[in-house]
Amino acid sequence: MLRPRKAVDRLKAYHPPREGRGGKLRLDFNENTVGCAPQVIRALRNKLDGDWLSRYPEYEEARESLARYFGVSADELLLANGTDDAIKMVCDTFVGPGDELIVPAPTFPVYEFFHTVAGGRTTRVRYDEKFRLTARMLVSAVNKRTRWMAIANPNNPTGTVVSQPDLRRILCEAPDVLVLVDEAYVDFSGQTVLPWIRKHPNLVVTRTFSKAFGLAALRLGCILTNAEIAEPMRRAQNPFAVNSLALACALEAIKHDKFVARYARQVCGNRDKLCRFLDKIGIPYVPSSSNFVLARVGAKASEIALKLRDQDILIRDWSYDPRLQGYLRFTVGSTDQTRRLMQGLAEFAPMMETRNGTGPSRKSSKGRSS
Ligand SMILES: Cc1ncc(COP(=O)(O)O)c(C=O)c1O
């Protein structure tokens, strides 16, 4: 039998999340829950003629417009089929068998996934019990084999950020380690290190149109980095990974970024409402700088997630992670959607373990509340 590479042979099967999410209250993927700017859909309809669809994509104009939008030059930007593809591009270009990746834990699993496919090994640096993570914790994990470090900022699923002084310290103290700062949720945190790409030769920033911009189905992400890192990545890249529809929509979306900023402001307001509600019912949560909140509801977390699903409210159960047992992650959307979520949670509150010992169990919480 033809055997795959060793790294692939060892790989566990990937179980994609459940399908059939259309029409439900989707608070499980940190997506934009109201949709993209309406002008984007109109622009897409206007584009759809046969000539346009039968032609291979053309990238230069789009790359220049996006570079202008992000305030970089075109040779500092690479287009990718979503952040997932951007992560794969980092691995394709820089990772060989036995190389190490450092990631916080818990975090977005795709860094480790593509790194493992490339034959690398991963060191996970755990958040402390108060969900804190410092530069010292990450830098002290660096060794001779460390090739790169991936920091989602804000992080998924915690919603926490690594501070700017800490990020600067990591970049300076690990100059031979490529540091990927994944800013998928930047519209909600308002914190970016993008202006640093010329100052720090080891910095790679990623952005996506999947979250606040509301274009997850189209799969478009950008890598922003200094020209020396970008150049080999461009050589190793799948030449037609990004499709024309995604580019046309992104170019229209950036013209209407006020729509995105307004949505992000509403979401942050609703996130605060959700946190006040969790305080009121005594459920500990991790203070979030993103469009989701990780909360500790206790031993019946999975049961509660299923009961919410029966009401067509989809949320993410993180209980499969041994260190996050009892935790659920709620994406925050519009005011009405947040109200519906809170109504659902209120109904199942008697099943939850509260901070002050009401509910089915009297265990105290490890999570932090604000
Ligand atoms: C931190 C983080 N980065 C990237 C992504 C995925 O982005 P994309 O849709 O651009 O591949 C996610 C999705 O959940 C995420 O949480």
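Start at 1 and go down the list; that is how both ligands and their atoms are numbered. Since we're looking at a predicted model, the values are computed, not measured. We use all heavy atoms of the structure for the numbers below, so side chains are in, but hydrogens, waters and symmetry mates are not.
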> Which residue pairs satisfy the side-chain hydrogen bond (donor to acceptor under 3.5 Å, both in side chains) criterion with at least one member in residues 96-106, sequence neighbours excluded?
Replying inline: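 Sorted pair list: D99-R145, E100-T123, E100-N143.
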Enumerate the pairs of nitrogen or oxygen atoms, one from ligand 1 and one from the protein, separated by less than 3.5 angstrom; state names and distance to 0.1 Å.
unit_1, atom_1, unit_2, atom_2, d
ligand 1, 3 (N), D182, OD1, 3.4
ligand 1, 3 (N), D182, OD2, 2.6
ligand 1, 7 (O), T83, OG1, 3.4
ligand 1, 9 (O), S210, OG, 2.6
ligand 1, 9 (O), R219, NH1, 2.8
ligand 1, 9 (O), R219, NH2, 3.3
ligand 1, 10 (O), T83, N, 2.7
ligand 1, 10 (O), T83, OG1, 2.9
ligand 1, 10 (O), T208, OG1, 2.5
ligand 1, 10 (O), S210, OG, 3.3
ligand 1, 11 (O), T83, N, 3.0
ligand 1, 11 (O), D84, N, 3.1
ligand 1, 11 (O), D84, OD1, 3.2
ligand 1, 11 (O), R219, NH2, 2.7
ligand 1, 14 (O), Y185, OH, 3.4
ligand 1, 14 (O), K211, NZ, 2.8
ligand 1, 16 (O), N156, ND2, 2.7
ligand 1, 16 (O), Y185, OH, 2.6

>> Just to verify, what does R42 make a salt bridge (charged side-chain N to carboxylate O under 4.0 Å, His left out) with, not counting sequence neighbours?
In response: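 In terms of salt bridge (charged side-chain N to carboxylate O under 4.0 Å, His left out), with neighbours along the sequence ignored, R42 is linked to no residue.
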> Side-chain contact, heavy-atom cut-off 4.5 Å: T158 with W318?
Replying inline: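 Answer no - side chains too far apart.
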> Under 3.5 Å, is there a donor-acceptor pair between the Q191 and E183 side chains?
Replying inline: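 Absent: no donor and acceptor within the cut-off.
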Using a 3.5 Å cut-off and no angle test, enumerate the donor-acceptor pairs between side-chain atoms of residues 257-266 and protein atoms at least two apart in sequence or in another chain.
unit_1, atom_1, unit_2, atom_2, d
D257, OD2, Y69, OH, 3.1
Y263, OH, T33, N, 2.9
Y263, OH, T33, OG1, 3.2

> So, does R63 use its side chain to make a donor-acceptor pair with the main chain of A74 at under 3.5 Å?
Replying inline: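 Yes, the answer is positive, given that a donor and an acceptor are paired below the 3.5 Å cut-off.
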